[in-house]
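First comes the structure, then the notes that go with it.
Fair warning: this is a prediction, and the values are worked out from it, not measured in the lab. Naming: A, B, ... by sequence-line order, numbering from 1 per chain.
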There are 2 protein chains.
Amino acid sequence: MTTTQSESHVLSKSCQYALRAVVYVARHASSSHLIGAQEMAESLEIPKHFLSKILQQLTRNQLVSSTKGPHGGFYLNDVNELTTIDRIVEVMDGPGLFKACVLGLPECSSTHPCPLHFEVVEYRDGFYHKLKRLTVKELAQFVHKGQIHL
Amino acid sequence: MTTTQSESHVLSKSCQYALRAVVYVARHASSSHLIGAQEMAESLEIPKHFLSKILQQLTRNQLVSSTKGPHGGFYLNDVNELTTIDRIVEVMDGPGLFKACVLGLPECSSTHPCPLHFEVVEYRDGFYHKLKRLTVKELAQFVHKGQIHL
DNA sequence: CAAATAAAGGATATATGGGTCTTTTATTCG
DNA sequence: CGAATAAAAGACCCATATATCCTTTATTTG
């Protein structure tokens, strides 16, 4: 009797790492003091090379900024700080996530719904709109307060 | 520039298949007319052998009933029909899903929250409680109405 | 009982996300 | 300029979800 349970998750690990990294950068970096992938990987306990890949991807999509060389590293410019969380998710996990059917059907909408559609849309959409309204800057500020941790 | 987007999902494919299969059985099987994995796989366009495995797992956990041999197949007994959807999800994807942190942190709760915790708990919990209140029987009945499809 | 049927079960293959390693490019500083 | 530093980029490996195949067990029917 082998009870195999597949792992499932709302956000991919890459995306989770990306969000934590961005918040970390928002909190610890400034234009005069950049943060390296090394330090970030250690603090957040994320595999270094994997994190580098993720930061690359974020940089390419202009969600974080970087410079090479000594004292180089990552930081957020004024535009980056106003990135909304849904953008990061979109870049990492693709645009399909917030539109996808719970049951995995290719066609599922209010005009052609799966049996679960009307039962659960509100949670998917609510989640989406929340992330759409939340900026990196705001999210990072939460960390100051109370017991909030990364 | 390789923009790798990992696919993410709330429910694993196995779980999605499981839910669709159970609803299919609820709608098409009766104690006098069982449904075979073959027919189900074709109708739902799910790989047959993979579906068989899933049905096995559901049967072992007594969420569906089955008999072997000619005219054998799957059906739901009175108890099976009252299974709530969250049970199926739990059996397929494990119990962790509805408790898991969005950011993947091992410790995350209202007393020790991640930055996103209070922003999104309501959607995770709302989703969970919805599935907890919904039975297979009820879900299957939705399919009768309107344009709902599997 | 024998043959046929279909689920149960186990072993194995494939695809993908996750993770590692090495080389190249850009930048800083002595 | 040359050495050191750190990101960018590409190749590669590993674990797991997904998918397939084959054998065994149970049940029905002639």
- Query: Nearest heavy-atom pair of B:L76 and B:A26: which atoms, and what distance?
  - Reply: CD1-CB, 3.5 Å
- Note on the structure: In short, B:Q5 meets A:V91 closest at the heavy-atom pair CG-O, 3.3 Å
- Does A:S66 have a side-chain nitrogen or oxygen under 4.0 Å from the phosphate oxygens OP1 or OP2 of D:dA8? yes
- Message: Counting only side-chain heavy atoms from C-beta out, which of D:dT28, D:dA7, D:dA19 sits nearest to A:A37?
- Response: D:dA7
- Query: Is A:Q56 side chain donor-acceptor paired with the D:dA9 base, going by distance under 3.5 Å alone?
  - Reply: yes
- Message: Mind checking if A:Q5 touches a base, just sugar-phosphate, or nothing, with heavy atoms under 4.0 Å?
- Response: sugar-phosphate
- Message: Please determine whether any donor N or O and acceptor N or O are separated by less than 3.5 Å between the side chain of A:K53 and the base of D:dG10.
- Response: yes
- Does A:Y17 make a side-chain N or O approach to OP1 or OP2 of C:dG19 shorter than 4.0 Å? yes
- Item | Rounded distance in Å - CE (B:M40) to C1' (C:dA6) | 12 Å
- Relative to the ring of A:F127, is the ring of A:F98 parallel (under 30°), tilted (30 to 60°) or perpendicular (over 60°)? tilted
- Between D:dA8 (P) and A:K48 (NZ): distance, integer Å: 13 Å
- Task: Supply the atom-to-atom distance B:K137 NZ to B:Q141 CD, rounded to the nearest 0.5 angstrom.
- Result: 6.5 Å
- Query: Starting at CG of A:L55 and ending at P of D:dA7, how long is that distance when rounded to a whole Å?
  - Reply: 8 Å
- Of the candidate nucleotides D:dA7, C:dA7, C:dG19, which contains the atom at the shortest distance from the side chain of A:K13? C:dG19
- Query: Roughly, in whole Å, what's the span from NZ in B:K68 to C1' in D:dA26?
  - Reply: 5 Å
- B:E122 atom CD: more than 12 heavy-atom contacts under 6.0 Å: yes
- Message: Nearest to the side chain of B:P70, heavy atoms from C-beta on, is which of D:dA17, D:dA7, D:dT27?
- Response: D:dT27
- Give a yes/no on whether any side-chain N or O of B:R60 is located under 4.0 angstrom from OP1 or OP2 of C:dA7. no
- Would you please confirm or rule out a distance under 4.0 Å between OP1 or OP2 of C:dA7 and any side-chain N or O of B:T59? no
- Answer with yes or no whether the side chains of B:S66 and B:Y75 bring together a donor and an acceptor at under 3.5 Å. no
- Task: Calculate the interatomic distance between A:I35 atom CD1 and D:dA6 atom P; express it in whole Å.
- Result: 12 Å
- Message: Any side-chain N or O of B:S6 below 4.0 angstrom from OP1/OP2 of C:dG18?
- Response: yes
- Item | A:L34 CG - D:dA8 P separation (whole Å) | 12 Å
- Start at the 5' end of DNA chain D and walk down; is the nucleotide closest to A:E7 or to B:P47 reached first? A:E7
- A:F74 side-chain proximity, nearest of C:dA8, D:dA7, C:dT22: D:dA7
- Whole angstrom is fine here: how far is it from CE in A:M92 over to P in C:dG18? 9 Å
- Using only side-chain N and O atoms of B:S14, determine if any of them is under 4.0 Å from OP1 or OP2 of D:dT18. yes
- Note on the structure: Atom CD of B:Q16 and atom P of D:dA17 are separated, to the nearest Å, by 14 Å
